[in-house]
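Throughout, a chain's letter reflects where its sequence line sits, starting with A, and its residues are numbered from 1.
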Protein chains: 2
Amino acid sequence: MHQISISDAEWQVMNIIWDGQPLTSQEIVARLSNQTDWATPTIKTMLHRLVKKEVLTFEEQGNRYVYRSRVKRSACIKQASRAFLERVFDSEPAPLLAHFMQSTKLSAKEIAELRRILDDKER
Amino acid sequence: MHQISISDAEWQVMNIIWDGQPLTSQEIVARLSNQTDWATPTIKTMLHRLVKKEVLTFEEQGNRYVYRSRVKRSACIKQASRAFLERVFDSEPAPLLAHFMQSTKLSAKEIAELRRILDDKER
DNA sequence: TGTAGTTATTTACATCTGTAATCGATTAAG
DNA sequence: CTTAATCGATTACAGATGTAAATAACTACA
């Protein structure tokens, strides 16, 4: 199990796929067109690279491809978070959390939820 | 005020500099040798690029250079955090926070501190 | 004062990324 | 059956990044 490395642009593609899996490439193109103005071949290239990186698989369905992820989103998030933490915060999670909380608007509900998690952690 | 973009390796250099500023290049090399096994010219290259990116300045002091940052660490953290958030969490900060909290070991003291921040936020 | 050592500058190069044009194959429509 | 439209595959290309060798400039000692 080697290091997965998903680039910035690739994350956008993966988020679409994780949200709506399985998806054909046209569906992926369609959904991305809301967020980006990438040309279709650009997206195809990224799908290709993601397959090569073993992050995606596809099956043929007639003349079209249907894509699915091969890795769990949560695993990727975990890995990306760890990398970010190391890079920016020298691996100190608490200051990161503090910083994020401070600089983020949160609804009352969200605050309650976070508090609940802290309570949980305490035991 | 354009986008600053500091690469992974460059963050390691910047963290050293922000921690000990101002520093000569030998000092930087010495400190990095604890964390990395980069050759000296590699580090020089990065210093150069960081100067070019206008993230660092230097003054000559005899035959050596003394480096200083030109941007605040907090500003860079803020920017990197925003980029990370967008990339991985589709800009939803609350789930990110929840995820981090869940997957992180925290001391009682840190929990208390985070709770305090939440309390603060509530008013 | 010449030479070794130190420091900075220039050049190098493979890989990754963002971005896409073009080509080839297949399918659907006339 | 021929042709236009569609879809995937191949090729392209510039800029960023990781990594460092080679070279030039300067300084300090012999």
How do A/T42 and A/S5 order along DNA chain C: which one's closest nucleotide is nearer the 5' end?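 It is A/S5, whose closest nucleotide lies nearer the 5' terminus.
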Which residue, B/R49 or B/K44, contacts DNA chain C at a nucleotide closer to its 5' end, judged by nearest heavy atom? B/K44
Specify the separation, in whole Å, of atom [atom1] of [X] and atom [atom2] of [N].
X     : N      : atom1 : atom2 : value
B/M46 : D/dG18 : CE    : C1'   : 8 Å
B/L32 : D/dG18 : CG    : P     : 13 Å
B/W11 : D/dG18 : CH2   : C1'   : 18 Å
B/D37 : D/dA20 : CG    : C1'   : 12 Å
B/I6  : D/dA16 : CD1   : C1'   : 14 Å
B/L47 : D/dT19 : CG    : P     : 15 Å
A/D8  : D/dG15 : CG    : C1'   : 15 Å
B/H48 : D/dT19 : NE2   : C1'   : 16 Å

Nearest heavy atoms of B/Q61 and B/V66, plus distance in Å: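 Residues B/Q61 and B/V66, closest heavy atoms: OE1-CG2, 3.6 Å.
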Closer than 3.5 angstrom, by distance alone: can the side chain of A/E10 be matched with the main-chain N or O of A/L50 as a donor-acceptor pair?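 It does not hold such a pair.
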Letter by letter from the 5' end, nucleotides 21-27 of chain D scores (B base, S sugar-phosphate only, - none; protein heavy atoms under 4.0 Å) B-----S
With sequence neighbours excluded, what pairs up with B/R73 under the salt bridge (Lys or Arg N to Asp or Glu O under 4.0 Å) test? B/D19
Look at B/R115 together with B/E110 and state whether they make a salt bridge at an N to O cut-off of under 4.0 Å.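 So B/R115 does not pair with B/E110 through a salt bridge.
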Between A/Q21 and A/S69, is any side-chain donor less than 3.5 angstrom from a side-chain acceptor?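 A/Q21 vs A/S69: donor-acceptor pair found between side chains.
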Look at all strands and tell whether B/S7 reaches a base, only sugar-phosphate, or nothing, counting heavy atoms closer than 4.0 Å. sugar-phosphate
Check every nucleotide of DNA chain C for an atom under 4.0 Å from a heavy-atom of chain A, then give the first and the last such nucleotide from 5' to 3'. C/dT17 to C/dT27
